[in-house]
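Counting begins at 1 with the first residue of the sequence.
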Amino acid sequence: MTVTSTLFSHRTFDEYDLLPEVRQGLDDAGFTHCTLVQAEVLPLSIPGRDVVGQAQTGTGKTAAYLVTIFNRLLCTPRPAKRTPRALIVGPTRELIVQIAADAQSLGTHTGLETMAVFGGLDFEEQRAALARGPDILVGTPGRLLDFLRRGVTSLSAVKVLVVDEADRMFDMGFINDVHAIIRRLPPPTKRQTM
């Protein structure tokens with residue numbers, strides 16, 4: 001017997017309470033129907049619940065958490081001092097670059113600034129850009145901790161934390177770094193975790 005599975009669900013993004021700026025980014029990207037993981041995650045994450053999702057690469061997990069982040073940040077005022085309000089932690093430079101590119105693409109109409117930090121790039125250039133206070137900070141654990149330990153930025157205003165490929169990060173030995181980063185965030189009751 002052959003079983004054919006589809007990546008997409010019957011649900012559309014129109015079914016969710018998304019701000020027009022977020023919808024426009026999805027429209028521009030040609031996204032109309034949710035993937036299966038998005039259809040499971042978004043009803044929980046958009047209202048602010050913590051979510052753990054597991055699905056294969058290419059199934060839309062990144063878009064699910066980016067849509068949630070955009071919607072949440074646009075509904076909450078920026079702090080007087082520009083500082084990151086969403087933090088996405090991933091294990092590799094390649095993943096961080098991809099997430100930042102997706103955030104730029106899907107978030108075109110939001111006015112939110114995304115910044116990626118990882119080793120191998122000029123530290124001082126990253127430091128200067130980080131000091132300007134991006135809304136969404138995407139980075140590898142080592143580089144994030146380096147900036148935090150030097151006092152370049154604060155995570156005290158983070159409303160959403162995403163730990164992408166958590167299992168891989170733990171396999172790569174980043175568990176202590178991830179814990180050190182999480183200790184610098186607001187308590188779980190004051191932020192959303194995905």
Side-chain angles (χ1 to χ4, degrees), residues 4-79 82-118 129-130 132-140 155 157-166 168 191-194:
T4 305
S5 175
T6 178
L7 173 66
F8 291 95
S9 74
H10 64 279
R11 302 201 67 170
T12 67
F13 286 101
D14 291 333
E15 297 177 43
Y16 303 103
D17 188 21
L18 299 177
L19 295 169
E21 301 93 323
V22 178
R23 269 296 310 153
Q24 187 62 53
L26 291 166
D27 290 344
D28 289 355
F31 294 169
T32 55
H33 285 77
C34 297
T35 64
L36 295 174
V37 71
Q38 291 163 351
E40 293 290 324
V41 167
L42 292 174
L44 302 171
S45 65
I46 290 173
R49 293 186 58 192
D50 291 349
V51 178
V52 175
Q54 182 178 2
Q56 292 179 321
T57 300
T59 56
K61 295 182 301 291
T62 303
Y65 66 68
L66 287 174
V67 163
T68 302
I69 288 169
F70 298 152
N71 220 54
R72 177 126 186 219
L73 296 189
L74 291 173
C75 289
T76 57
R78 279 190 169 120
R82 293 277 316 241
T83 184
R85 296 184 295 142
L87 175 66
I88 304 169
V89 184
T92 66
R93 170 192 314 201
E94 295 77 20
L95 180 61
I96 296 306
V97 168
Q98 183 60 52
I99 293 168
D102 290 348
Q104 294 292 344
S105 175
L106 285 175
T108 299
H109 302 282
T110 64
L112 298 170
E113 184 182 339
T114 300
M115 180 181 175
V117 295
F118 49 86
L130 189 53
R132 290 192 293 272
D135 298 290
I136 302 166
L137 181 58
V138 187
T140 55
L155 301 178
V158 167
K159 301 288 182 208
V160 183
L161 166 67
V162 175
V163 181
D164 202 338
E165 295 192 6
R168 188 168 172 206
R191 66 172 153 82
Q192 181 178 14
T193 303
M194 295 192 283

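Within the 4.5 Å cutoff, the side chain of F118 has no heavy atoms near those of the T92 side chain. Contact check for V51 versus E40: no side-chain heavy atoms found under the 4.5 Å cut-off. Residues T59 and L36 are not in side-chain contact: their nearest non-hydrogen atoms beyond the backbone lie 4.5 Å or more apart. Annotation: side chain of I96 is not in contact with side chain of I88 (no heavy-atom distance under 4.5 Å).
Once rounded to the nearest 0.5 Å, the distance linking CG of L137 with CE of M115 reads 7.0 Å. With rounding to the nearest 0.5 Å, the separation of CD in E165 from CD1 in I99 is 7.5 Å. The structure places CZ of R11 at 12.0 Å from OG1 of T35, a figure rounded to the nearest 0.5 Å. Rounded to the nearest 0.5 angstrom, E113 CD and Q104 CD are separated by 8.0 Å. If you take CG on L73 and OG1 on T110, they are separated by 8.5 Å, rounding to the nearest 0.5 Å. Here the CG atom belonging to L95 is positioned 7.5 Å from the CZ atom belonging to R168, to the nearest 0.5 angstrom.
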Item to complete: Walk me through it: do H109 and D28 pass the test side chain to side chain contact (heavy atoms under 4.5 Å, CB included)?
Response: CA-CA 10 Å; H109 302 282; D28 289 355; 2.4 Å; yes
Practice prompt. Please assess F13 against D27 for the test side chain to side chain contact (heavy atoms under 4.5 Å, CB included), listing each intermediate value before the final yes or no.
Written response: CA-CA 9 Å; F13 286 101; D27 290 344; over 6 Å; no
Item to complete: Tell me, with the steps shown, if T12 and E15 meet side chain to side chain contact (heavy atoms under 4.5 Å, CB included).
Response: CA-CA 6 Å; T12 67; E15 297 177 43; 3.7 Å; yes
Worksheet entry | side chain to side chain contact (heavy atoms under 4.5 Å, CB included) between N71 and L19, worked out | CA-CA 6 Å; N71 220 54; L19 295 169; 3.5 Å; yes
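Side-chain atoms of D164 and Y65 form a donor-acceptor pair, as typed in the model, at a separation below 3.5 Å.
Between R85 and P77, the shortest heavy-atom contact is NH1-O, 3.8 Å. Smallest separation of non-hydrogen atoms from T114 and P134: C-CB, 4.5 Å. Among all heavy-atom pairs drawn from G111 and R78, the shortest one is O-NH2, 3.3 Å. Minimum heavy-atom separation, L87 to V158: N-CG1, 4.1 Å. Nearest heavy atoms, A64 versus T68: O-OG1, 2.9 Å. Of all the heavy atoms in H33 and Q38, the pair that sits closest is O-OE1, 4.4 Å.
Residues satisfying the salt bridge (charged side-chain N to carboxylate O under 4.0 Å, His left out) criterion with E21, sequence neighbours excluded, are absent altogether. Under the side chain to side chain donor-acceptor pair (under 3.5 Å) criterion, Q192 pairs with R72, sequence neighbours left out.
Within a 6.0 Å sphere centred on NZ of K61, other residues, nucleotides and ligands contribute more than 12 heavy atoms. By the neighbour-count criterion of 12 heavy atoms within 6.0 Å, atom CG of D14 is densely surrounded, having more than that number from other residues, nucleotides or ligands.
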